[in-house]
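Since the structure comes first, as structure tokens, the remarks are kept for the end.
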Amino acid sequence: MAVAVAISVDLHLRLSGQVSPIWQTLSEYVYGHLGDASAAPLFSAMCVALALGSLALLTGIARARRADTSPVLALLGVWCAGLLVCGIVPVDPEGQARSLAGQVHNYAALTAFLALPAAAWLLTRRGRARCPWEPRRTTIRVLATASIATVAVVLGGFVWTMITGPAHQEFTLGLFERLLFSVDLALLLTMVRPLLAVRRTLV
């Protein structure tokens, strides 16, 4: 996850003159250039790194051996798969006609960003007192709610842009998507910390 954050910061700094962090989405970094080289491999590496970090979280939850985590694991698997698809299949260039690949990218992103907060919500259902996530239940649920709310704003912005056209774009999609990215990172890290605490206790 730290690698994904580092790559994201690098893309923002080095492509600040090519991709607007206010109006353009993170996915559009695939069309940036670092000298003579495309930035697409770096964006793909960011997605893969975050997917692998999330897979490690999924593995940790599975090893906690709680009987009611199967839906959580399935949703986290969807989140990881969605990230990988986003890293492999590029978004449509701004202003161009919608393609099948671009639609696959968009639906994969939407599915992933819905699956993660859903997984977090299910993970913090009230259960046994010794549940590792119980002390952070409120924080995880607040972040999950914020994630869903931001997804709704981003989705609404996409629909508005599709209806009115790019020339009438009024929603700062890039800014809200970056907010969503930050919220989801905070959510993932908050889900990871109880596992690390339990591991230290066992050791």
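Just so it is clear, the structure is predicted and the values come from calculations on it, not from any experiment.
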Residues forming a ring-ring contact (aromatic ring centres under 6.0 Å, His included) with His33, sequence neighbours excluded:
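Counting only residues at least two positions away or on another chain, His33 forms no ring-ring contact (aromatic ring centres under 6.0 Å, His included).
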With Phe43, which residues qualify under ring-ring contact (aromatic ring centres under 6.0 Å, His included), at least two apart?
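Result, ring-ring contact (aromatic ring centres under 6.0 Å, His included) vs Phe43: none returned.
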Just checking, is any N or O donor in the side chain of Thr124 or Trp133 under 3.5 Å from an acceptor N or O on the other one?
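Distance-only check fails for Thr124 and Trp133.
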For Ser8 and Ala4, indicate whether the former's side chain and the latter's backbone hold a donor-acceptor pair under 3.5 Å.
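It does not hold such a pair.
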Quick check: does any side chain N or O of Thr69 sit under 3.5 Å from a backbone N or O of Val72, one acting as donor and the other as acceptor?
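Such a contact is absent between Thr69 side chain and Val72 backbone.
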Decide whether [X] and [Y] are clustered together by the hydrophobic rule: side chain heavy atoms of Ile, Leu, Val, Met, Phe, Trp, Tyr closer than 4.5 Å, transitively.
| X | Y | answer |
| --- | --- | --- |
| Val151 | Val142 | no |
| Val154 | Tyr107 | no |
| Met1 | Ile140 | yes |
| Val5 | Leu116 | yes |
| Val78 | Leu123 | no |

Hey, does [Y] have a side-chain heavy atom less than 4.5 Å from the side chain of [X]?
| X | Y | answer |
| --- | --- | --- |
| Pro90 | Tyr31 | yes |
| Ile88 | Val48 | no |
| Ile148 | Leu114 | yes |

Where [X] and [Y] come nearest, the two heavy atoms and their spacing:
| X | Y | answer |
| --- | --- | --- |
| Trp121 | Ala144 | CE3-CB, 4.3 Å |
| Cys86 | Cys47 | C-SG, 4.3 Å |
| Leu42 | Ile7 | O-CG2, 3.4 Å |
| Leu122 | Pro71 | CD1-CB, 3.9 Å |
| Ala108 | Val85 | CB-CG1, 3.5 Å |

Could I get the full list of side-chain contact (heavy atoms from CB on, under 4.5 Å) partners for Ala51, not counting sequence neighbours?
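Here the qualifying residues are Leu83, Leu84.
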Please round to the nearest 0.5 Å and tell me the distance separating atom [atom1] of [X] and atom [atom2] of [Y].
| X | Y | atom1 | atom2 | answer |
| --- | --- | --- | --- | --- |
| Leu11 | Gln18 | CG | CD | 10.5 Å |
| Arg141 | Arg125 | CZ | CZ | 9.0 Å |
| Asp92 | Ser99 | CG | OG | 3.5 Å |
| Thr59 | Leu52 | OG1 | CG | 10.0 Å |
| Ser27 | Asn106 | OG | CG | 7.5 Å |
| Ser70 | Ile61 | OG | CD1 | 11.5 Å |

What do the steps show when you test Leu34 against Leu15 for side chain to side chain contact (heavy atoms under 4.5 Å, CB included), and what is the final call?
CA-CA 8 Å; Leu34 301 168; Leu15 296 179; 3.6 Å; yes
Can you tell me which residue pairs pass the salt bridge (charged side-chain N to carboxylate O under 4.0 Å, His left out) test with a partner in residues 39-61, sequence neighbours excluded?
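Qualifying pairs, neighbours excluded: none.
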Would you give me the side-chain donor-acceptor pairs under 3.5 Å for residues 176-192, sequence neighbours excluded?
from   : atom 1 : to     : atom 2 : distance (Å)
Glu177 : OE1    : Leu26  : N      : 2.6
Arg178 : NE     : His12  : NE2    : 2.8
Arg178 : NH1    : Pro21  : O      : 3.4
Arg178 : NH1    : Gln24  : O      : 2.6
Arg178 : NH1    : Gly174 : O      : 3.0
Arg178 : NH2    : Gln24  : O      : 3.4
Arg178 : NH2    : Tyr29  : OH     : 3.3
Ser182 : OG     : Arg178 : O      : 3.0
Asp184 : OD1    : Ser147 : OG     : 2.7
Thr190 : OG1    : Ala186 : O      : 2.7

Applying salt bridge (Lys or Arg N to Asp or Glu O under 4.0 Å), name anything that partners Arg14, two or more places apart in sequence or on another chain.
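If we apply the salt bridge (Lys or Arg N to Asp or Glu O under 4.0 Å) test to Arg14, skipping adjacent residues, the hits are Asp10.
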